[in-house]
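A quick write-up on the structure given underneath.
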Amino acid sequence: MAIWLMKSEPDAFSINDLKHRQRESWDGVRNFQARNYMRDMKQGDVVLFYHSSCKVPAIVGTATVSKTAHPDPSCWDPKSPYYDPKSTAETPRWDQVELTFESILKKPLTLAVLKSWPELDGFPLIQKGSRLSVMPVEEHYWHILKSRILCEK
DNA sequence: GCCAACGTTGGC
DNA sequence: GCCAACGTTGGC
């Protein structure tokens with residue numbers, strides 16, 4: 001089982017939204033590296049849900065992958081903000097995965113705290129200029145984060 | 001609102 | 001294949 005981290009702007013889609021909906025397709029990813037990571041996801045993988053571009057950027061909850069990568073229909077919809085004219089039915093460019101809500105942390109694990117943790121040096125999320133919205137959480141870093149996240153569930 | 005970092009596009 | 005221009009992300 002792999003661990004991933006996915007970013008979302010809470011104004012657009014928050015962990016509370018996921019809790020209410022229980023299951024949701026994670027669409028709108030328009031970055032090749034992020035898409036490729038989604039294609040590596042397996043059913044049951046754990047996703048750390050991160051709030052970005054907000055007052056307190058933080059890991060706020062967890063979800064599991066309930067449906068592996070499949071074409072993201074918003075790329076074909078001219079009315080969608082995620083419309084991509086380069087994506088055709090024959091050659092879909094973009095994928096989505098479906099997530100199922102798992103937990104909201106009692107205490108969000110803030111970016112500030114993560115940055116203050118010397119053991120997390122090298123963790124892509126806390127690197128300057130890191131903009132990737134989907135990233136793997138390597139075993140090494142998960143080992144460090146795990147206790148804190150599982151006990152706050 | 002600012003700006004640094006990064007990805008993508010398109011001209012050459 | 002290079003690189004400048006541009007758009008976007010996201011912390012602060």
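Below, each value reflects all heavy atoms present in this structure, side chains not excepted, and no hydrogens, waters or symmetry copies. A, B, ... follow the sequence lines: proteins, then strands. Residue 1 opens every chain.
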Inset, instruction - Consider only side-chain heavy atoms of I, L, V, M, F, W and Y, link residues closer than 4.5 Å, and tell whether I149(A) and V113(A) are in one cluster. - result: yes
Inset, instruction - Can you tell me the distance, in whole Å, between the OH atom of Y50(A) and the P atom of dG11(C)? - result: 4 Å
Inset, instruction - Rounded to the nearest angstrom, tell me the gap between atom CG in L5(A) and atom C1' in dT9(C). - result: 15 Å
Inset, instruction - Could you please name the option among dG10(C), dC12(C), dA4(B) that lies closest to any side-chain atom of L111(A)? - result: dC12(C)
Inset, instruction - Establish, yes or no, whether a centroid distance under 6.0 Å links the rings of Y82(A) and W76(A). - result: no
Inset, instruction - Mind checking K115(A) for me? I need base, sugar-phosphate or nothing, with any heavy atom below 4.0 Å counting as a touch. - result: sugar-phosphate
Legend entry - Length of the CZ-P vector between F32(A) and dG7(C), whole Å: 18 Å
Legend entry - Nearest-Å distance for atom pair CG/P, residues L132(A) and dG10(C): 9 Å
Legend entry - Protein-nucleotide distance (I126(A), atom CD1; dA5(B), atom P), rounded to Å: 16 Å
Legend entry - Whole angstrom value for the distance that separates P of dT8(B) from CD of Q33(A): 9 Å
Inset, instruction - Would you please classify the geometry between the F123(A) ring and the Y141(A) ring as parallel, tilted or perpendicular, with 30° and 60° separating the classes? - result: tilted
Inset, instruction - Might you point out which heavy atoms bring S74(A) and G28(A) nearest each other, and give the distance in Å? - result: OG-N, 4.2 Å
Inset, instruction - Pick base, sugar-phosphate or nothing for S53(A), based on heavy-atom distances below 4.0 Å to the nucleic acid. - result: base
Legend entry - Between dG7(B) (C1') and Y37(A) (OH): distance, integer Å: 15 Å
Inset, instruction - Rounded off to whole Å, could you give me the NZ-to-P distance for the K7(A) and dG10(C) pair? - result: 4 Å
